[in-house]
Visitor: 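This is the structure, below, for whatever I ask next.
The chain is numbered in sequence order, starting from 1.
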Amino acid sequence: MLKKKVLFISHWYPTTEKPNAGIFIKRHAEAFAEISDLTLIHFNVKKSSNLLKISLNKRNIQQFEILVDSRFYKILYYFLPLHFFLFKRLVKKFKIRINEMDYIHSNVIFPTGIIGYRISKKYNIPQFHSEHWSKFNYFIERDFWRKSGRKTIENIEKLFPVSEFFKSQISINVPEDKMFVIPNIVDSEKFNFEPKKKSDNQKLVFLSIANWQKPKNPFLFLDALESIFLEKSFDFELRIGGEGPILNKLLKKNYSFPIINLGLLDSDQISDNLKKANLLLHGSDFETFSVIIVESLKVGTPVLVSNVGIASEVINEENGFLCDSNVKDWKMKILKASETMYDYRQISKRIEGKFINKVVISLVEIFYYPEMK
């Protein structure tokens, strides 16, 4: 079978400075590349002290970067004409044959989805689109570029939300027949089961890892843990990984129980900390998927999570609890989970074979190769 040529574009993608930023998009790209001749372009708009520095880079034979380095990065990220202009410059500089592409595959409606739409119209190439953005509805309904967003939705062949929950949330702005769920991928080799070592003391280890900005809401479980600690129900510590404004805020609140700040973690460190934890706590007001809870289940660590994203599709009383958006419910379920004897091996086994390359590839093939149906 002759591989289809695919132009895969994204503004979210891992960098040296931020190795976990958009890691789920990188995993999609790697999976799609197994069944296509994939050319990847990363629009990297980066905060720095520079007034403006632009470079067009070739990372390898089929991976390119448009780098915009500026103290005005927020304004430039929002200025779509610049992105399209630099795309044309990149194509010309490296002689990328866009007209030979079979498909464009964009990620996240703004800015990349709209850029993909313009490329699609200019070169008359079908566009597929994967959506990961929690602010999708807000953008389509209120943003300055909302009309371009709606045009993009009308133009694309298919939009791929990453969970059934997210699909239901954006169905008010995207026709049902335009959507097909293609989930995120978790590295099963890295996030694998290992028996938990018995601790020398009886202290429970709670873990929470996130990009600490809205819609994350750790205060649901933090206030619950504070109440539990003051009642001296049992001994525990909370380990927190990641960075962001919400983390800075919570570290200033002087909770009574011990909080260990792990800082920014790479994927190996995330896996290691998940394997050492007794429970993962993940409070959020909205999620499109939530990779961390699947990574936790893959290593066999139970999860207490807000009922958003992929949570209701994978969490049950055998591997954790779905929590309502109030401190009382979080406290009750933390207490219940702390007394539950979980079968860690079974937790990992029950999610085996899910959210892996093979599954995602088989779903993408349906659309990349319709002639094979």
Visitor: Would you say Asn44 and Asn57 make side-chain contact, with heavy atoms under 4.5 Å?
Guide: no
Visitor: Could Lys196 and Tyr344 be counted as a cation-pi pair, given that NZ or CZ must be under 6.0 Å from the ring centre and within 45° of the axis?
Guide: yes
Visitor: Identify which one of Lys5, Lys4, Arg97 satisfies the salt bridge (charged side-chain N to carboxylate O under 4.0 Å, His left out) criterion when paired with Asp37.
Guide: Lys5
Visitor: Might you point out which heavy atoms bring Ile104 and Gly116 nearest each other, and give the distance in Å?
Guide: CD1-O, 3.9 Å
Visitor: Taking atom NZ as the centre, does Lys275 end up with more than 12 heavy-atom neighbours from other residues, nucleotides or ligands that are less than 6.0 angstrom away?
Guide: yes
Visitor: Report yes if the side chains of Ser233 and Leu335 come closer than 4.5 Å at any heavy-atom pair, otherwise no.
Guide: yes
Visitor: Taking atom types as modelled, find out whether Ser290 and His282 have a side-chain donor-acceptor pair closer than 3.5 angstrom.
Guide: yes
Visitor: Are any of the side-chain nitrogens in Glu154 or Lys178 under 4.0 Å away from the carboxylate oxygens of its partner?
Guide: no
Visitor: With a sphere of 6.0 Å drawn around CZ of Arg89, does it hold more than 12 non-hydrogen atoms of other residues, nucleotides or ligands?
Guide: no
Visitor: Does the Thr152 side chain pair with the main chain of Ser148, one donor and one acceptor, at a distance under 3.5 Å?
Guide: yes
Visitor: Side chain of Asn50, backbone of Leu52: donor and acceptor closer than 3.5 Å?
Guide: no
Visitor: Is there a path of hydrophobic side-chain contacts, each under 4.5 Å between heavy atoms of I, L, V, M, F, W or Y residues, that connects Met332 with Leu225?
Guide: no
Visitor: Within a radius of less than 6.0 Å around CD of Glu17, do more than 12 heavy atoms belonging to other residues, nucleotides or ligands occur?
Guide: yes
Visitor: Is the backbone of Ser171 close enough, under 3.5 Å, to the side chain of Glu176 for a donor and an acceptor to pair up by distance?
Guide: no
Visitor: Same cluster or not: are Leu264 and Phe24 linked, directly or through other Ile, Leu, Val, Met, Phe, Trp or Tyr residues, by side-chain heavy atoms under 4.5 angstrom apart?
Guide: no
Visitor: To the nearest 0.5 angstrom, please state how far the OG atom of Ser120 sits from the CD1 atom of Ile156.
Guide: 10.0 Å
Visitor: Go through it in stages, so that I can follow the logic: the residues are Asp285 and Val308, the test is side chain to side chain contact (heavy atoms under 4.5 Å, CB included), and I'd like the CA-CA distance, side-chain angles, deciding distance and then a yes or no.
Guide: CA-CA 7 Å; Asp285 296 326; Val308 291; over 6 Å; no
Visitor: Angle class for the Phe286/Phe165 ring planes (parallel below 30°, perpendicular above 60°, tilted otherwise)?
Guide: tilted
Visitor: Heavy atoms only: give me the nearest Ile185-Ala31 pair and the separation to one decimal.
Guide: CD1-CB, 3.6 Å
Visitor: Under a single-linkage definition using a 4.5 Å side-chain heavy-atom cutoff for Ile, Leu, Val, Met, Phe, Trp and Tyr, are Leu159 and Val181 assigned to the same hydrophobic cluster?
Guide: no
Visitor: Test Asn155 against Gln127 for side chain to side chain contact (heavy atoms under 4.5 Å, CB included), laying out the working first.
Guide: CA-CA 8 Å; Asn155 178 74; Gln127 178 185 5; 3.4 Å; yes
Visitor: Could you see if Trp212 belongs to whatever hydrophobic cluster contains Leu265? Use Ile, Leu, Val, Met, Phe, Trp, Tyr and a side-chain cutoff under 4.5 Å.
Guide: yes
Visitor: Under 6.0 Å from the CG atom of Asn124, do we count more than 12 heavy atoms belonging to anything else shown?
Guide: no
Visitor: Looking at every non-hydrogen atom in both residues, tell me the closest pair between Ile114 and Gly149 and how far apart they are.
Guide: CD1-N, 3.8 Å
Visitor: For the CD1 atom of Ile109 and the CZ atom of Arg146, what is their distance to the nearest 0.5 Å?
Guide: 14.0 Å
Visitor: Any chance NZ of Lys93 has more than 12 other-residue heavy atoms, nucleotides or ligands included, within less than 6.0 Å?
Guide: yes
Visitor: Does Phe219 reach the side chain of Leu250, with side-chain heavy atoms less than 4.5 Å apart?
Guide: yes
Visitor: Check Ser134 against Pro215 and note the closest heavy-atom contact, atom names and distance.
Guide: OG-CD, 4.1 Å
Visitor: Would you say Ser271 and Glu295 are linked by a side-chain donor-acceptor pair, where the criterion is simply a distance under 3.5 Å?
Guide: no
Visitor: State whether the number of non-hydrogen atoms from other residues, nucleotides or ligands found under 6.0 Å of Lys3 atom NZ is greater than 12.
Guide: yes
Visitor: What is the ring orientation for Trp133 with Trp12, classed by angle as parallel under 30°, tilted 30 to 60°, or perpendicular over 60°?
Guide: perpendicular
Visitor: Answer whether the closest heavy-atom distance between the side chains of Phe87 and Ile98 falls below 4.5 Å.
Guide: yes
Visitor: If you apply the rule ring-ring contact (aromatic ring centres under 6.0 Å, His included), what do you find for Phe110 with Tyr78, and how did you get there?
Guide: CA-CA 9 Å; Phe110 184 86; Tyr78 203 68; 5.2 Å; yes
Visitor: I'd like to know if the side chain of Asn261 and the backbone of Gly263 have a donor-acceptor N/O pair within less than 3.5 Å.
Guide: yes
Visitor: Which atoms form the tightest heavy-atom contact between Ala29 and Leu38, and what is the distance?
Guide: O-CD1, 3.9 Å
Visitor: Considering the options His42, His83, His132, which one meets the ring-ring contact (aromatic ring centres under 6.0 Å, His included) requirement together with His11?
Guide: His83
Visitor: With a 6.0 Å cut-off (strictly less than), is the heavy-atom count around CG of Leu230, excluding the residue itself, greater than 12?
Guide: yes
Visitor: Compare all side-chain heavy atoms of Ile270 with those of Phe191 and state whether any distance is below 4.5 angstrom.
Guide: yes
Visitor: Below 6.0 angstrom between ring centroids: does that apply to Phe229 and Tyr255?
Guide: no
Visitor: Whether the side chain of Ser70 engages the backbone of Leu51 through a donor-acceptor N/O pair (distance < 3.5 Å, no angle test) should be reported.
Guide: yes
Visitor: Hey, can you tell me if Phe206 and Phe234 have their rings parallel, tilted or perpendicular (30° and 60° cut-offs)?
Guide: perpendicular
Visitor: Apply side chain to side chain contact (heavy atoms under 4.5 Å, CB included) to Phe321 and Asp329, showing your working.
Guide: CA-CA 10 Å; Phe321 291 102; Asp329 194 60; over 6 Å; no
Visitor: Any chain of hydrophobic side-chain contacts (each under 4.5 Å) joining Leu222 to Ile260?
Guide: yes
Visitor: Return the minimal non-hydrogen interatomic distance between Thr112 and Ile9, and the atom names on each side.
Guide: CG2-O, 3.2 Å
Visitor: Would you say the side-chain atoms of Ser348 pair up with the backbone N or O of Arg345, donor to acceptor, closer than 3.5 Å?
Guide: no
Visitor: Please confirm whether Phe32 and Tyr103 have ring centers closer than 6.0 angstrom.
Guide: no
Visitor: Do the side chains of Lys354 and Glu313 get close enough for a salt bridge, i.e. N-O under 4.0 angstrom?
Guide: no
Visitor: Is there a side-chain contact between Val68 and Phe79 in this structure, where contact means two heavy atoms from C-beta onward sitting under 4.5 Å apart?
Guide: no
Visitor: I want to check something: taking the side chain as every heavy atom from C-beta on, are Lys331 and Ile228 in contact at a cut-off of under 4.5 Å?
Guide: yes
Visitor: Is it true that a side-chain atom of Asn273 and a backbone atom of Gln269 form a donor plus acceptor pair closer than 3.5 Å?
Guide: yes
Visitor: Answer yes or no: does atom CG of Leu2 have more than 12 heavy-atom neighbours from other residues, nucleotides or ligands under 6.0 Å?
Guide: no
Visitor: Under a 3.5 Å cutoff, is there a donor and acceptor pairing between the side chains of Asn137 and Gln169?
Guide: no
Visitor: Using 30° and 60° as the class boundaries, would you call the ring planes of Tyr368 and His105 parallel, tilted or perpendicular?
Guide: perpendicular
Visitor: Would a 4.5 Å heavy-atom cut-off, applied to side chains only, mark Ser130 and Ile25 as touching?
Guide: no
